[in-house]
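Encoded as C-alpha cells, the structure appears first; notes follow it.
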Amino acid sequence: MQSDIRRTLLEMFTNSKEEYVSGQKISDMLGCSRTAVWKHIEDLRKEGYELEAVRKKGYRIVNKPNKVSENELILGLQTKKIGQHVHYEEVVESTQKIAHRLAQEGVQEGTVVVAEEQTSGRGRLDRVWHSPKGTGVWMSIILRPTVPPQNAPQLTLLTAVAVVQAIQEVTGISPQIKWPNDILIEGKKAVGILTEMQADADRIHSVIIGIGINVNQQQQDFSDAIKDIATSLAAETGELINRATLMQTIFLKIESLYEEYLKNGFGLIKVLWETYAISIGKRIIARTLRGSIEGWAKGITEDGVLLVEDDLGVLHHIHSADIELSTRK
Ligand code: BTX
C-alpha cells in the first residue's frame, strides 16, 4: 500500500476513535472505488491491524499491532525531520549496519532505522547489546551535522539528554546519565547509546546514533549475563509502555536540542547534561584501553571530554572509558 494512502486511512480511523467510518466516506477521502477501499483494509489486516466491519456502518480499528512499524511511528508525529522517514524491519543483525548503508546511499537527514529484534546488536568496542524481540526500542538515527568530526561525541551527550527527557515525560521516571553513554535507573542500565560516523579528516558525512532502550522486559527476562546490571522502563514503573509513543517523544526532543546545537553550539546541552549526570563531583575510576585512572570527576569540556583530577592534582582528559564510582573517599 502506498504510504500516503495508508497514512490518510489510519488518520481517519484514529480521528474517529470508537466510531465506524463508512466505506463511502473512505472512498471519497481516498478518491478510490469501494473495491479499492476493501483492498486497503485487507492490507492493514495483513499488517496486524484488527478491523471490525459492520454492514451499513463501516469499519473501525479494534486493535493495533504492538509494533514500532512506520505506520505506528508516523501517526501523530510532530517533528519536521527526525523520524519522517522510517526504515522498519522485523529482524536485523544490527540497525547500525543498515543505517550505515542508507547513509552512504544518501538518504535524508533524520531517517530512522528500527527493528523489533536484533540478532547482533552491538555496543561500544564490539560488545554485545541484547535486543530481544518486541520488547525494546532498537533504532539508529542518521544525522548530517555541519560540525568538525572531533565534535561528534557531543551528539552522544545530546542524545542522552533527549532520551532522559523523553523517558521523564512518558513514564515519570527520572533516569541518570553515566558518562558517556549509559542511562541508568536506580543504578541499573536501561539505555545504551552508540555514536558512529562516516567522515573525512575535516568533514562529517553522517553520524549514526544507535539507541537501545529496554522498555517492556520484565526483570526475569534478562539473561544471566546482564540480569544484575540491567533494568527496563516496565520493570521500574510496573506498567507496559507504548514504544511508538516513546520513540516519537525522543524524536521531538532530539530535534529541538539538535536545532539548538546547530544554532548556538554545545553550551545549553552541556548544562542540561551535567544536571542529569551521576558521576560529576564524585570520586570515580575510569577504565581506559591504556589503563585505569582514579580521581575526582570535575565535569566535561565543551567537546564532551570527561575531566578527572587524580590524587597528585593532575587533570586527565578522558575521551573514552568505562567509569564506575569509587568506594574510596
Ligand atoms: P556499551 O558498550 O556501553 O554497553 C554494552 C554492555 O552493556 C555489554 O557489554 C553488557 O554488559 C551490557 N548490556 C548488553 N545488553 C544490554 C541491555 N539490553 N541492557 C542493559 N545492559 C546491556 C552501549 O554500549 C551502546 C548500545 C547501543 C545499542 C543500540 S541498539 C540500536 C543500535 N544498533 C546496534 O547494533 N547498537 C545500537
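When a ligand or atom number is given, it counts from 1 through the structure's own listing order. Heavy-atom basis, side chains included; hydrogens, waters and symmetry copies ignored.
- Nearest to atom 33 (N) of ligand 1 among the protein's heavy atoms is Gln118 OE1, 2.9 Å.
- In Val128, the part holding a heavy atom less than 4.0 Å from any atom of ligand 1 is the backbone.
- Only the side chain of Asp182 comes within contact range of ligand 1, with a heavy atom under 4.0 Å; no backbone atom does.
- With hydrogens left out, the protein atom closest to atom 15 (N) of ligand 1 is His130 N, 2.9 Å, a heavy atom.
- Looking from atom 11 (O) of ligand 1 to the surrounding protein, the closest heavy atom is Ile229 CD1, 3.6 Å.
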Quick one: do Leu194 and Arg122 satisfy side chain to side chain contact (heavy atoms under 4.5 Å, CB included)? Show the steps, please.
-> CA-CA 8 Å; Leu194 174 68; Arg122 59 173 196 253; 4.2 Å; yes
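- A donor-acceptor pair is defined here as one N or O able to donate and one able to accept, closer than 3.5 Å; no such pair exists between the side chain of Lys282 and the backbone of Ala297.
- From the protein, the heavy atom lying nearest to atom 20 (C) of ligand 1 is Ala230 CB, 3.5 Å.
- Atom 21 (N) of ligand 1 has as its closest protein heavy atom Trp129 CZ3, 3.8 Å.
- Using a cutoff of 4.0 Å between basic side-chain nitrogens and carboxylate oxygens, Arg45 and Glu42 are scored as salt-bridged.
- A heavy-atom separation below 4.0 Å is found between Gly121 and ligand 1.
- Among protein heavy atoms, atom 10 (C) of ligand 1 sits closest to Ile226 CG2, 3.9 Å.
- What sits closest to atom 32 (C) of ligand 1 on the protein, heavy atoms only, is Thr95 OG1, 3.3 Å.
- Side-chain polar atoms of Glu294 and Ser326 form a donor-acceptor pair below 3.5 angstrom.
- Under 4.0 Å from ligand 1, the heavy atoms of Asn181 that appear belong solely to its side chain.
- In terms of heavy-atom proximity, Ile82 sits nearest to Glu255 at N-OE1, 3.0 Å.
- Of all heavy-atom pairs spanning Leu77 and Gly83, the tightest one is CD2-O, 3.3 Å.
- Every atom of ligand 1 with a heavy atom of Arg122 under 4.0 Å away is listed here by number and element: 26 (C), 27 (C), 28 (C), 34 (C), 35 (O), 36 (N), 37 (C).
- Close contacts between ligand 1 and Ile193 involve ligand atoms 25 (C) [criterion: under 4.0 Å to a heavy atom].
- The minimum heavy-atom distance linking Gln118 with Ser94 is given by the pair OE1-CA, 3.4 Å.
- When every heavy atom of Pro175 is checked against every heavy atom of Ile183, the shortest pair comes out as CB-CG2, 3.5 Å.
- Using a 4.0 Å cut-off to heavy atoms of Asn214, the atoms of ligand 1 that qualify are 17 (C), 18 (N), 19 (N), 20 (C).
- Across Glu116, Glu90, Glu72, a single residue satisfies salt bridge (charged side-chain N to carboxylate O under 4.0 Å, His left out) together with Lys67, and that is Glu90.
- Counting heavy atoms from C-beta on, the side chains of Arg124 and Pro180 come closer than 4.5 Å.
- For ligand 1, the atoms lying closer than 4.0 Å to a non-hydrogen atom of Ser94 are 33 (N), 34 (C), 35 (O).
- The closest protein non-hydrogen atom to atom 7 (O) of ligand 1 is Lys189 NZ, 3.1 Å.
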